[in-house]
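For reference, the structure is listed below as structure tokens.
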Amino acid sequence: MIKKEMIAMLLAGGQGSRLGVLTSKMAKPAVSFGGKYRIIDFPLSNCINSGVDTVGVLTQYQPLRLNSHIGIGIPWDLDRNIGGVSVLPPYEKIAKTDWYTGTANAIFQNIDYMESFNPEYVLILSGDHIYKMDYEVMLDFHKEKGADVTIAVMPVPMEEAKRFGIMITDEDRRITDFEEKPENPRSNLASMGIYIFNWSTLKEALLTNQDQSGLDFGKHIIPYCHDKGCPLYAYEFNGYWKDVGTLQSFWEANMELIDIVPEFNLYEEYWKIYTKAEILPPQYIADTGFVEKSIIGEGSNIYGQVFNSVIGCGVTIGKDTVIRDSIIMNQTEIGLGCEINKAVVAEATIIGDAVKIGMGDEVENETDPHIYNHGLVCIGEKTTIPSGVTIGKNVCIFGDTVEADYPGNELSSGRTLNKNKAGDE
Amino acid sequence: MRAIGIILAGGNSYRMKELSSKRAVCAMPIAGSYRSIDFALSNLTNSSIQKVAVLTQYNAGSLNEHLSSSKWWNFGRKQGGLFVSTPAVTAENNSWYRGTADAIAQNLSFLKNSHEPYVVITSGDCVYKIDYNKVLEYHIEKKADITVVCKDMPADVNVDRFGIIKMNEECRIEEFEEKPVVARSNTISCGIYVIRRRQLIEMIEKSKEEDRYDFVKDILIRYRNLKRIYGYKIDSYWRNIATVEDYFETNMDFLKKENRDYFFKEYPDIYSKVDDLPPAKYNYGSQVRNSLISSGCIINGVVENSVIFKKAYVGNNCTIKNSIILNDVYIGDNTYIENCIVESHGTIRANSNHVGEDGIRIVVERSDRYII
């Protein structure tokens, strides 16, 4: 008989619209991070390192990249005879067929999947945070407290607390109240979106609330459990945890990896992060190359100079090119004599020769100032940029661009050049 | 599925000096991220050969660890798979592999229990890329009994440690000399053979009856006039790791773009066991020129014309020139290393100096390492 003590359900269906063109062709959990990883590698690695070997990954938005990355779970040792990783997209039913309309609705639509493992506990995770966490310790806490629901929380500065879901607890860490993005927070314990439920509690709550539209954990399930009088506890986590939901925070989290001893250390032996390694050969730094304060993935060829940057796998950087404070993702090719400052360049992009990026003064972005800001230049995947053009700050470029798109060989600060409008492929 | 594969991986070479004291030559790390047997394994899988035996004997610890899962080369299959075999004491046999033919003889059931008509035999200590299907087609076209893959070496290369072949204009091998004192040709055997399975079983059984144990001496050379043995010439990259100098030069060959492109960019790929190491990290003070750096490395010093294998740490103010640093080496601050091969898992004390004066020096150092 199949029996798993705890299984994990990983919510990976979100678009992550604040990452701009980085997520126009892939779900946020599939976005590259830290040179060779993708964001989903962190929760998946945490699962296997915590002894959770059954993970359902709920996908919806642009799942292709995610599916091919996860495969049958070999990189995370999640290829199991019983359990392992399963990708769970929405599916057609006799009645009430629908997309995943909310976080808890997605879980509700997969009740049969969870039931098949006969679990005691279900761990709910989201696929868009960078952290290392031992879920087994959280489960021990959950059992010790006799909780029905345990919510992982972390202390945040009081002035930032109004951006989060805030938990108010008694001295025993039992949750007495909670508030979503409060004006005047009564506590600084922010919910991390990580929950452990007793399966019986979760199942009952999902079935009871199934007709709620947009069924959501924070808005519906947790309040329901609280109102019913279930014991809810807050598990305090004090390690590194980063929400990479905005372009700025995504860039920052990458840049933190290149500190001499980063707060989030990938080089620790005892908590490895696994990923699908598509490229194996070592990287080559040429005679003309120079690399300082950077991390570089496998199989890259560096003929130019790289400072303070995160370079992915299979990247080519041409001679006399200077890269500073930038993220260059897998398989991108950059020509000769370029100058790139503070840019996020997505996968398999081709940049010609003598291209200057991130030049001039900052101007607010014309289309999406809430996404493209802090002077960052964002270049979407498989973009082509012709030789000899100069590009400003707070710029977004996506698609196959040609010289005619750059009048006077220039794209000034604040411009958006998107030649890959949604649905044209 | 026309063929099965046998990789002869038993060998040790005293000419590898200290490097072979902890591993078989087949398990020698190559080009930063690989081991030499990866090339034979990848060639076999890329040629759609699904059933492969690796015959090991000498110091197979590293090799067995490397082959602990066959999935990296796509051999984790229901049909076929990877069979790693070491000599075993049985009712009929209580000796080690006394030679390459004896190694096959002791694993005759592998051949007998297969149904594929052909066998590809290759050694595990060569760096090359080949499509065995092409050799097989040639073998069939020539109606050969055995086909030997061979290569013309440049005139300035000393070939006296290879098997030397002389072919007639039809490519039939007329002479085959093993490690001759004076070589009469510069065509060498690459140690890759194609042979019909039943033919091989017959020859191996016959040799065994006569107490003959070496595949080259007792089969290829002995049968060269009786059987139709043909040569299949390649002119692509092929190197055999038998000496320290070969090993050093083979690694240094990967600093050349054409070799990197040939092995790493052109289809098909070479596969290896995945180690899950983070990207390489370059801190202040790192100055890397014309070098290969592998994943998991942390570089704080100067590295020139060198190959740095996985997970090496190069301390502050170090200089590494024209050297090979094997896996998981820690190099303390202010160290100078030139013309050396630093053995894996070594810990080089700070402020030390290692220079290979005339030739390549092998550095084996086991200082204590404190891990925080």
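Quick note on labels: first sequence line is chain A, next is B, and so on, each numbered from 1. Heavy-atom basis, side chains included; hydrogens, waters and symmetry copies ignored.
- K293(A) places no side-chain N or O within donor-acceptor distance of the main-chain N or O of S286(B), the cut-off being under 3.5 Å.
- The interface of residues 303-323 of chain A with chain B, defined by heavy-atom distances below 4.5 Å, comprises Y303(A), T316(A).
- Here the OG atom belonging to S42(B) is positioned 9.0 Å from the CG atom belonging to L280(A), to the nearest 0.5 angstrom.
- Stacking of R289(B) on the aromatic ring of F290(A) is not recorded, the 6.0 Å distance cut-off and the 45° axial limit not both being met.
- Using a 4.5 Å cut-off between heavy atoms, D259(A) touches chain B through its backbone atoms (N, CA, C, O) alone.
- In this structure, chain A has a heavy atom under 4.5 Å from the side chain of Y34(B), while its backbone stays farther away.
- Contact annotation for N300(B): neither backbone nor side-chain heavy atoms come within less than 4.5 Å of a heavy atom of chain A.
- E292(A) places none of its side-chain heavy atoms less than 4.5 Å from the side chain of Y282(B).
- Only the side chain of K311(B) comes within less than 4.5 Å of a heavy atom of chain A; its backbone N, CA, C and O stay farther away.
- Contact residues of residues 320-343 of chain B toward chain A are absent (heavy-atom distance under 4.5 Å).
- Y284(A) pairs in a side chain to side chain contact (heavy atoms under 4.5 Å, CB included) with only one of the listed residues (N290(B), V307(B), I293(B), V288(B)), which is N290(B).
- The CD1 atom of I285(A) sits 12.5 Å away from the OG atom of S306(B) when rounded to the nearest 0.5 Å.
- Across all their heavy atoms, A277(A) and V274(B) have their closest contact at CB-CG1, 3.9 Å.
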